Amino acid sequence: MQEATPAPRSGEGPRAPRTVSIRDIAKEAGVSHQTVSRVVNGHPRVKESTRARVLDVIAKMGYMPNRMARALAGGAVRSVTVLTSDTSLYGAAATLKGIEEAARAADFAVGISVLDADSAQQPADVAGRVSRPGEAVLVIAFDAAGVGAWQALPAGFPAAAAVERPEDGRPGDRPQLWLDDRAAAAQATRYLLGLGHETVHYLAIPSSTTRVGQRTEGWRDALRAAGKPLPEPIDAGWSPRSGYLVAHSLLADASVTAVLCGNDDLALGVLRAAREAGREVPGDLSVVGFDDAPHSAYAYPALTTVRLDFEGLGRGCFGLLHRLLEPDNAPALPLWAEPELIVRESSGPAPSRRDRPKD
């Protein structure tokens with residue numbers, strides 16, 4: 001319950017009522033302040049009973065979100081613009097979701113500017129996508145368009161980025177975070193080799209730079225370390241259709257028994273092509289994806305894949321920017337999960353090993 005404002009002493013004017021904070025609401029409603037923030041920002045992951053209780057306390061205590069109060073008072077509203085490219089891709093969409101959750105919990109407004117892969121990436125073009133000069137910017141730089149925007153963003157903007165793992169694994173001159181998908185690709189490749197496959201073929205997603213992508217490098221690392229044949233990686237785009245099209249010629253070779261795909265969408269295309277080619281999965285062909293997009297668990301067969309915590313990366317990326325903007329008030333960087341191999345139904349022993357008699 002909101003405390004009453006003490007009566008003014010003789011000779012004093014009336015005191016301004018105490019501002020109700022988000023923590024006051026949380027204490028009265030018996031929830032965390034993060035839950036109150038989710039309710040205020042309309043986040044779907046709140047139980048309806050909890051949402052109703054928090055809204056009731058907000059109404060009784062007359063709480064006004066800080067961002068709204070600042071706007072009504074004519075003050076500056078804290079905001080961040082996110083520059084991203086194809087939000088239909090799972091990695092970008094999940095990273096964006098993490099950014100939005102963390103930003104709104106910290107009472108930042110979020111704007112999104114979608115990059116055109118074919119657009120110019122000059123400093124003036126990138127700066128023009130931000131609503132106000134000097135506004136905070138986050139860049140999702142998983143592809144060439146994102147990297148171009150990150151590199152062209154003028155120095156006057158406080159900014160951070162979610163990027164592909166740098167080739168040397170070291171931080172750059174500007175604040176940026178990444179997931180170690182190179183190590184994850186090596187782990188997935190070693191797993192397939194451990195099942196008895198003589199080698200692993202790779203369908204590559206486009207690199208974010210002109211260099212070879214880090215997932216491709218991780219796949220190569222594992223094959224070289226094991227002394228296994230190193231096939232040429234196949235450039236395969238991003239979509240299920242592109243995976244389907246390139247898999248037709250690959251799967252015509254009966255010696256191909258294991259395929260690692262640069263993302264789960266490519267793997268879906270490979271599963272379809274394998275079915276049409278009469279290749280049993282995982283009986284004579286193992287298929288492994290990357291990212292653990294929501295649909296991967298419901299493919300047939302369910303897809304073995306590498307799980308990447310893109311939402312956690314997005315929250316961490318905003319946290320990095322928040323610390324840059326408010327070093328004395330921003331919380332510590334949130335933790336995110338390390339890449340993890342999720343073994344499901346689409347991978348199994350190599351045919352030669354499967355057919356061997358048991359000892």
Side-chain angles (χ1 to χ4, degrees), residues 32 34 37-38 43-45 80 82 84-106 110 112 138-143 146-147 150 160-166 169-172 175-191 205 207-208 213-219 238 260-268 288-299 302-323 330-344:
S32 68
Q34 293 94 337
S37 179
R38 293 188 187 101
H43 195 280
R45 291 185 181 177
V80 58
V82 181
T84 182
S85 54
D86 191 349
T87 54
S88 69
L89 295 174
Y90 173 69
T95 303
L96 179 58
K97 181 179 180 183
I99 289 172
E100 287 184 309
E101 287 182 357
R104 295 186 189 282
V110 178
I112 301 169
L138 287 172
V139 183
I140 300 177
F142 296 152
D143 60 4
V147 170
W150 178 229
V163 300
E164 183 182 10
R165 179 192 183 274
R170 298 178 181 177
Q176 56 187 27
L177 294 178
W178 61 86
L179 300 171
D180 195 348
D181 44 4
R182 180 170 182 165
Q187 179 190 12
T189 305
R190 289 193 298 268
Y191 161 73
I205 56 175
S207 173
S208 63
Q214 290 300 292
R215 297 182 187 186
T216 304
E217 292 287 19
W219 162 75
W238 298 98
L260 175 64
C261 300
N263 69 10
D264 291 337
D265 284 348
L266 292 177
L268 288 184
V288 175
F290 225 103
D291 294 345
D292 195 28
H295 56 67
S296 63
Y298 301 97
L303 188 62
T304 295
T305 185
V306 176
R307 176 176 294 164
L308 296 181
D309 185 9
F310 287 112
E311 290 186 28
L313 178 67
R315 290 190 291 269
C317 193
F318 173 78
L320 194 64
L321 178 67
H322 196 185
R323 292 175 65 185
L333 283 183
L335 299 177
W336 55 91
E338 293 295 321
E340 177 185 5
L341 181 66
I342 305 299
V343 177
R344 297 193 180 106

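Bear in mind the structure is a predicted one, so any value in this text is a computation, not a measurement.
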Quiz item: What's the shortest heavy-atom distance between Tyr90 and Pro294, and which atoms?
Solution: CE1-CD, 3.4 Å
Quiz item: Stepwise, does the side-chain contact (heavy atoms from CB on, under 4.5 Å) test hold for Glu100 with Val82?
Solution: CA-CA 9 Å; Glu100 287 184 309; Val82 181; over 6 Å; no
Quiz prompt | From CD (Gln187) to OH (Tyr191), nearest 0.5 Å | solution = 11.0 Å
Exercise. Output all residues satisfying ring-ring contact (aromatic ring centres under 6.0 Å, His included) with Phe290, sequence neighbours left out; order by chain, then residue number.
Key: none
Practice problem: Locate the shortest heavy-atom distance separating Ala93 from Thr87; write the atom from each residue and the value. | Solution: CB-O, 3.4 Å
Quiz item: Going from CD1 on Ile99 to CD on Glu311, what distance comes out if it is rounded to the nearest 0.5 angstrom?
Solution: 11.0 Å
Quiz prompt | Over all atoms of both residues, closest heavy-atom pair of Ala103 and Val80 | solution = CB-CG1, 4.4 Å
Quiz item: Which distance, rounded to the nearest 0.5 Å, do you find between the NZ of Lys97 and the CZ of Arg315?
Solution: 9.0 Å
Quiz item: Do Val306 and Asp181 have side-chain heavy atoms sitting under 4.5 Å apart?
Solution: no
Self-check item: For Asp264, all residues meeting salt bridge (Lys or Arg N to Asp or Glu O under 4.0 Å), sequence neighbours excluded
Solution: none
Quiz item: Do the non-hydrogen side-chain atoms of Val147 and Val163 ever get within less than 4.5 Å of each other?
Solution: no
Exercise. Apply side-chain contact (heavy atoms from CB on, under 4.5 Å) to Arg344 and list each qualifying residue two or more places apart in sequence or on a separate chain.
Key: Asp292, Ser296, Ala297, Ala302, Thr304, Thr305, Arg307, Ile342
Self-check item: Ser85 side chain reached by Phe142 side chain, heavy atoms, under 4.5 Å
Solution: no
Quiz item: Which distance, rounded to the nearest 0.5 Å, do you find between the CG of Leu321 and the CG of Leu138?
Solution: 4.5 Å
Quiz item: Under 4.5 Å between any side-chain heavy atoms of Pro166 and Gln176, yes or no?
Solution: yes
Quiz item: How would you list, by chain and number, every residue that makes a side-chain contact (heavy atoms from CB on, under 4.5 Å) with Ala183, sequence neighbours excluded?
Solution: Asp180
Quiz item: If you measure from CG on Leu341 to CZ on Arg190, what distance do you get to the nearest 0.5 Å?
Solution: 10.0 Å
Quiz item: Looking only at heavy atoms, which two atoms of Ala337 and Asp309 are closest? And how far apart?
Solution: N-OD2, 2.9 Å
Quiz prompt | Set of residues satisfying side-chain contact (heavy atoms from CB on, under 4.5 Å) with respect to Trp238, sequence neighbours excluded | solution = Leu89, Asp143, Ile205, Pro206, Asn263
Self-check item: Ala267: partners by side-chain contact (heavy atoms from CB on, under 4.5 Å), with sequence neighbours left out
Solution: Cys261, Val287, Leu303
Quiz item: Hey, does the side chain of Glu164 reach the backbone of Gln214 with a donor-acceptor pair shorter than 3.5 angstrom?
Solution: yes
Quiz prompt | Heavy-atom closest pair, residues Ala161 and Cys317 | solution = C-SG, 3.4 Å
Quiz prompt | Shortest non-hydrogen separation from His322 to Ala106 and the atoms involved | solution = CE1-CB, 3.8 Å
